[in-house]
Amino acid sequence: MAVFHINNQQLEHLEEVPFELERELQLLFEENLEKISDLEFISSEFIVQNHRIDTLAFDRENQAFVIIEYKRTTHYSVFDQGISYLSTLLRYKADFLLEYQEKTGKMLSKGLIDWSQSKVVFVSPQFTHFQKQAVDFKDLSIELWEVKRFEKDILVINGIKKSVNAPSIKASVKGDSSELSLVTKEVKTYSEEDLLTNKTEKIQELYDSYKQAILQLIVDCEVVPKKCYVAFKKDHHNIVDIEVQNKQLKLFINAKIGQIDDTKGITRNVSQIGHYGNGDYEIKVTNTKYLEYIMSLIKQIL
């Protein structure tokens, strides 16, 4: 990746400034974790059952724990280590709950945690083709983030995407007692297909209409299927979420009440009501009558 600095309409090539120590990269992430990933930092160097976890974080949107590991070299197996960490998390849930409560001072009920959304993230300046291929399963909750530092204090973070035709990890499970078997039984990665299954053709087409409109509106929009809705994100932050129901869609605009001017009055205040999506504005739709108007509402928070 070539990175340049613009100086009086001239491009100045910026040289990469490698991290000398893994700890240096770790401290940078831990100090800025919410800005980088919208995750809540819990603790550093957490030890559980002979595993030393570099960074333990919490995903408040999914109500799940996230393990982050930092690497400077490429001589390790992201697949084996990732499965091992996920297995440890699932086997010793109480230890993770206790760590959260001790470090944050907040109570966290075991029943409120969605353990199926547990995740491991590897952070490194570079991953080999083999490492990327090793975790390229559509339903494997192991992510790779490439991080490079350049001159003029420029930091570039690039999450490695799963390939379009990534296979399912379940085909690789052989033994019922293996760590991989435990992980694949308890951890699930959701897809749009999961949320659209058994929905009518009308609802599927309605969802696609709103999806395409959102993608045209939001530059570099990331589509992230969740357990109960599809999140449309920019820079790791939810802009709008769509809950697919049998007879309608529910759109949730991630804004506080008072931030959006809804002249047609089609939004509903759900700030005091339990709901799946993010934000205080809910819109129920059964057709595309107000599609353009709804896009204008979303545009107000971009």
Side-chain angles (χ1 to χ4, degrees), residues 34-40 59-64 114 116-117 119 138-139 143 157 159 161-162 164 188-302:
E34 290 207 31
K35 293 180 182 178
I36 292 171
S37 62
D38 212 25
L39 297 174
E40 178 185 9
D59 183 343
R60 286 171 292 205
E61 181 180 4
N62 291 323
Q63 289 292 292
D114 189 351
S116 73
Q117 295 296 284
K119 182 168 63 178
K138 62 182 180 181
D139 48 1
E143 296 183 5
I157 303 174
K161 303 291 185 182
K162 306 283 187 180
V164 176
K188 180 173 178 56
T189 300
Y190 293 92
S191 67
E192 288 177 280
E193 184 180 355
D194 293 325
L195 299 176
L196 292 170
T197 297
N198 298 324
K199 300 300 188 292
T200 65
E201 185 176 344
K202 178 183 176 181
I203 289 296
Q204 292 183 29
E205 289 182 356
L206 186 63
Y207 167 76
D208 189 62
S209 295
Y210 277 89
K211 172 186 175 181
Q212 296 307 320
I214 293 170
L215 292 179
Q216 290 181 26
L217 177 66
I218 306 174
V219 179
D220 297 328
C221 180
E222 184 181 8
V223 181
V224 185
K226 301 291 183 178
K227 186 175 184 178
C228 300
Y229 59 87
V230 179
F232 294 84
K233 296 172 174 274
K234 182 176 176 62
D235 299 328
H236 302 292
H237 298 294
N238 294 58
I239 303 299
V240 59
D241 303 321
I242 299 181
E243 180 186 344
V244 183
Q245 298 188 326
N246 290 328
K247 296 183 179 180
Q248 66 181 1
L249 302 180
K250 282 187 178 180
L251 279 69
F252 298 92
I253 302 177
N254 193 12
K256 297 294 183 183
I257 286 299
Q259 288 185 284
I260 292 178
D261 182 16
D262 175 18
T263 57
K264 294 186 183 297
I266 68 170
T267 61
R268 178 190 181 204
N269 180 357
V270 292
S271 59
Q272 303 299 319
I273 303 171
H275 56 281
Y276 287 124
N278 295 271
D280 294 344
Y281 291 89
E282 175 195 87
I283 306 171
K284 297 178 181 179
V285 298
T286 57
N287 53 51
T288 58
K289 178 180 179 180
Y290 292 110
L291 190 150
E292 291 188 10
Y293 176 70
I294 291 172
M295 293 306 110
S296 73
L297 297 181
I298 297 172
K299 189 175 181 179
Q300 292 181 34
I301 64 170
L302 296 179

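A quick note: this is a predicted structure, and the numbers were derived from the prediction, not measured.
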Kindly determine whether L302 and I218 satisfy side-chain contact (heavy atoms from CB on, under 4.5 Å), including the steps that lead there. CA-CA 8 Å; L302 296 179; I218 306 174; 4.1 Å; yes
Any side-chain heavy-atom pair of N254 and I239 under 4.5 Å: no
Under 30°, 30 to 60°, or over 60°: which ring-plane class applies to F252 and H275, parallel, tilted or perpendicular? parallel
Going from NZ on K211 to SG on C221, what distance comes out if it is rounded to the nearest 0.5 angstrom? 9.5 Å
When every non-hydrogen atom of P225 is compared with those of S191, the smallest separation belongs to CB-C, 3.6 Å
Would you say Y290 and V285 make side-chain contact, with heavy atoms under 4.5 Å? no
Please report the closest heavy-atom contact between Q204 and K199, naming both atoms and the distance. NE2-O, 2.9 Å
Exceeds 12 heavy-atom contacts within 6.0 angstrom, atom NZ of K161: no
Are any side-chain N or O atoms of H237 and backbone N or O atoms of D38, one a donor and one an acceptor, separated by less than 3.5 Å? no
At their closest point, which heavy atom of Y293 faces which heavy atom of G265, and how far apart are they? OH-N, 4.4 Å
Between the side chains of D194 and K227, is the shortest nitrogen-to-carboxylate-oxygen separation below 4.0 Å, so that they form an ion pair? no
Please walk me through it: do K256 and Y281 pass side-chain contact (heavy atoms from CB on, under 4.5 Å)? CA-CA 8 Å; K256 297 294 183 183; Y281 291 89; over 6 Å; no
Give, for atom NZ of K299 and atom CD1 of I214, the distance between the pair rounded to the nearest 0.5 Å. 14.5 Å
Identify the two heavy atoms, one from I266 and one from I294, that lie closest to each other, and give their separation to 0.1 Å. CD1-CG1, 3.7 Å
Start with the C-alpha gap between D220 and D235, add the side-chain angles, then the distance that decides, and say whether side-chain contact (heavy atoms from CB on, under 4.5 Å) holds. CA-CA 8 Å; D220 297 328; D235 299 328; over 6 Å; no
Measure the shortest side-chain to side-chain distance between T288 and Y210 over non-hydrogen atoms and say whether it is less than 4.5 angstrom. yes
Could you name each residue pair satisfying side-chain hydrogen bond (donor to acceptor under 3.5 Å, both in side chains) that touches residues 239-251, not counting sequence neighbours? N238-D241, D241-N278, E243-Q245, Q245-Q248
What one should report as the nearest heavy-atom pair of L195 and V230 is CD1-CG2, 3.4 Å
How far does NZ of K284 sit from CG of L251, to the nearest 0.5 angstrom? 12.5 Å
Which distance, rounded to the nearest 0.5 Å, do you find between the CG of L206 and the CG of L249? 4.0 Å
Any chance you could lay out the side-chain contact (heavy atoms from CB on, under 4.5 Å) test for D114 and N62, step after step, and finish with the verdict? CA-CA 7 Å; D114 189 351; N62 291 323; 5.8 Å; no
Can you tell me if Y276 has over 12 outside heavy atoms packed within less than 6.0 Å of its OH? no
What residue pairs, at least two apart or across chains, pass salt bridge (charged side-chain N to carboxylate O under 4.0 Å, His left out) with a residue in residues 259-280? R268-E282
Heavy-atom pair with the smallest gap, counting every atom of A255 and I301: CB-CG2, 3.8 Å
Under 3.5 Å, is there a donor-acceptor pair linking the side chains of E192 and Y207? yes
In this structure, CD1 of I203 is separated from OG1 of T286 (nearest 0.5 Å) by 8.0 Å
Flag side-chain contact, heavy atom, 4.5 Å: E143 against K119: yes
With distance as the sole test, does Q63 use its side chain to make a donor-acceptor pair with the main-chain N or O of R60 at under 3.5 Å? yes
